[in-house]
**Student:** 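The following block contains the structure, expressed as structure tokens.
As the structure is a prediction and not an experimental result, all values here were calculated from the model. Residue numbers begin at 1 in each chain, while the letters A, B, ... track the order of the sequences.
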Number of protein chains: 2
Amino acid sequence: MYVVIVYDSDDSVKFHKYLKKFLFWKQNSVFYGELTEGKFKKIQNKINEMLSENDSIIIFSNNSSDFIINKYGKEKDFDGIFI
Amino acid sequence: MYVVIVYDSDDSVKFHKYLKKFLFWKQNSVFYGELTEGKFKKIQNKINEMLSENDSIIIFSNNSSDFIINKYGKEKDFDGIFI
């Protein structure tokens, strides 16, 4: 399955560190990629564990076909943001 | 077609104001919804026009089937953020 995960958190680093193991980083708080059902469930459970009071996460997924991705503007560099 | 639009901008309000005409707001900088091809092209053109130097926009789209949406944590309130 194909997933897009967007998070809004005061501690973005915890989500970034975890999600980069499975998915591609696309923008400050956006990860994207293909996952097995098992990996997807694992990630969902872990997100529930990691969730702090003010965090907000949305997962968009699709079982049948991949997303088309269009980018506009600046290519953001995660490492640059957290130096 | 089904689209997810994620933006990262110093002036989020300009994107929010424009995109809310066509799509549903899902989180601080995330819009989601179904669009005709024509509306999608119109939005892509407008995004190109609105783009400032440091803006970064990603559009995930799918022609064939809708996304499944899972939300975790706090439901963010856009108006609350910009008071």
Side-chain angles (χ1 to χ4, degrees), chain A residues 1-12 14-15 18-19 23-35 37 40-41 43-78 80-81, chain B residues 1-12 14-15 18-19 23-35 37 40-41 43-78 80-81:
Chain A
M1 63 198 315
Y2 302 92
V3 303
V4 176
I5 302 183
V6 189
Y7 51 89
D8 179 353
S9 171
D10 297 332
D11 181 8
S12 304
K14 70 178 175 189
F15 290 109
Y18 178 68
L19 294 172
L23 297 164
F24 298 106
W25 179 65
K26 286 282 163 195
Q27 201 192 61
N28 284 353
S29 309
V30 184
F31 276 85
Y32 164 79
E34 192 176 1
L35 294 171
E37 280 280 346
F40 186 51
K41 289 217 173 87
I43 288 173
Q44 286 177 302
N45 291 338
K46 186 71 179 175
I47 282 173
N48 269 322
E49 274 175 36
M50 288 196 294
L51 220 55
S52 299
E53 200 188 345
N54 288 316
D55 294 347
S56 172
I57 319 287
I58 305 178
I59 304 180
F60 298 91
S61 58
N62 193 309
N63 277 309
S64 50
S65 58
D66 201 356
F67 306 115
I68 300 145
I69 302 176
N70 293 100
K71 292 192 216 176
Y72 303 84
K74 202 171 181 177
E75 198 76 31
K76 299 274 175 166
D77 172 9
F78 186 86
I81 297 160
Chain B
M1 63 198 315
Y2 302 93
V3 303
V4 176
I5 301 184
V6 189
Y7 51 88
D8 179 354
S9 170
D10 297 333
D11 181 8
S12 305
K14 70 179 174 189
F15 290 109
Y18 178 68
L19 294 172
L23 298 164
F24 298 106
W25 179 64
K26 285 285 162 194
Q27 203 191 59
N28 284 353
S29 309
V30 184
F31 275 85
Y32 164 79
E34 192 175 1
L35 295 171
E37 281 279 347
F40 186 51
K41 288 217 172 90
I43 288 173
Q44 286 177 302
N45 290 338
K46 185 72 180 175
I47 283 172
N48 269 323
E49 274 175 39
M50 287 196 295
L51 220 55
S52 299
E53 199 188 346
N54 287 315
D55 294 347
S56 172
I57 319 287
I58 305 178
I59 304 180
F60 299 91
S61 58
N62 193 307
N63 277 312
S64 51
S65 58
D66 201 357
F67 305 116
I68 301 146
I69 301 177
N70 294 100
K71 292 192 217 176
Y72 303 84
K74 202 172 179 177
E75 199 74 32
K76 302 272 175 165
D77 172 10
F78 186 85
I81 298 160

**Student:** Most heavy-atom pairs under 4.5 angstrom with chain A, which of B/V30, B/I57, B/N63?
**Tutor:**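 Of B/V30, B/I57, B/N63, B/I57 has the most heavy-atom pairs under 4.5 Å with chain A.
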**Student:** For B/K41, I'd like to know if atom NZ has over 12 heavy atoms of other residues, nucleotides or ligands within 6.0 Å.
**Tutor:**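 No - once you tally the heavy atoms of other residues, nucleotides and ligands closer than 6.0 Å, there are 12 at most.
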**Student:** Relative to the ring of B/F67, is the ring of A/F67 parallel (under 30°), tilted (30 to 60°) or perpendicular (over 60°)?
**Tutor:**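 Aromatic pair A/F67/B/F67 classed tilted.
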**Student:** Listed by chain and number, what are the ring pair (Phe, Tyr, Trp, His ring centres under 6.0 Å) partners of B/F15, not counting sequence neighbours?
**Tutor:**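 Once residues adjacent in sequence are excluded, the partners of B/F15 under the ring pair (Phe, Tyr, Trp, His ring centres under 6.0 Å) criterion are B/Y7.
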**Student:** Minimum heavy-atom separation for B/I58 to A/K71, with atom names?
**Tutor:**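 Closest approach of B/I58 to A/K71, heavy atoms only: CG1-CG, 4.3 Å.
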**Student:** Please name all residues satisfying side-chain hydrogen bond (donor to acceptor under 3.5 Å, both in side chains) with A/Y18, sequence neighbours left out, ordered by chain then number.
**Tutor:**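 Result, side-chain hydrogen bond (donor to acceptor under 3.5 Å, both in side chains) vs A/Y18: none returned.
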**Student:** Considering all heavy atoms of both residues, which atom of B/K74 and which atom of A/S56 are nearest to each other, and what is their separation?
**Tutor:**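 Scanning both residues, the minimum pair turns out to be O-OG, 3.1 Å.
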**Student:** Establish, yes or no, whether a centroid distance under 6.0 Å links the rings of B/Y32 and A/F60.
**Tutor:**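 Between A/F60 and B/Y32, which both carry aromatic rings, the centre distance is below 6.0 Å.
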**Student:** Which atoms of A/Y2 come close to chain B, meaning under 4.5 Å heavy atom to heavy atom: side chain ones, backbone ones, both, or neither?
**Tutor:**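 Neither part.
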**Student:** At their closest point, which heavy atom of B/N70 faces which heavy atom of A/S61, and how far apart are they?
**Tutor:**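 Taking every non-hydrogen atom into account, OD1-OG, 4.5 Å.
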**Student:** A/L51 versus chain B, heavy atoms under 4.5 Å apart: side chain, backbone, both or neither?
**Tutor:**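 Only the side chain of A/L51 comes within 4.5 Å of chain B.
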**Student:** Could you tell me which portion of B/I68 (side chain, backbone, both or neither) has an atom closer than 4.5 angstrom to a non-hydrogen atom of chain A?
**Tutor:**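 Contact with chain A involves both backbone and side-chain atoms of B/I68.
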**Student:** What part of A/V6 gets closer than 4.5 Å to chain B, counting heavy atoms only: side chain, backbone, both or neither?
**Tutor:**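 Both backbone and side chain of A/V6 come within 4.5 Å of chain B.
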**Student:** At a 4.5 Å cut-off on heavy atoms, which part of B/V4 comes close to chain A: side chain, backbone, both, or neither?
**Tutor:**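 Side chain of B/V4 only, per the 4.5 Å heavy-atom cut-off to chain A.
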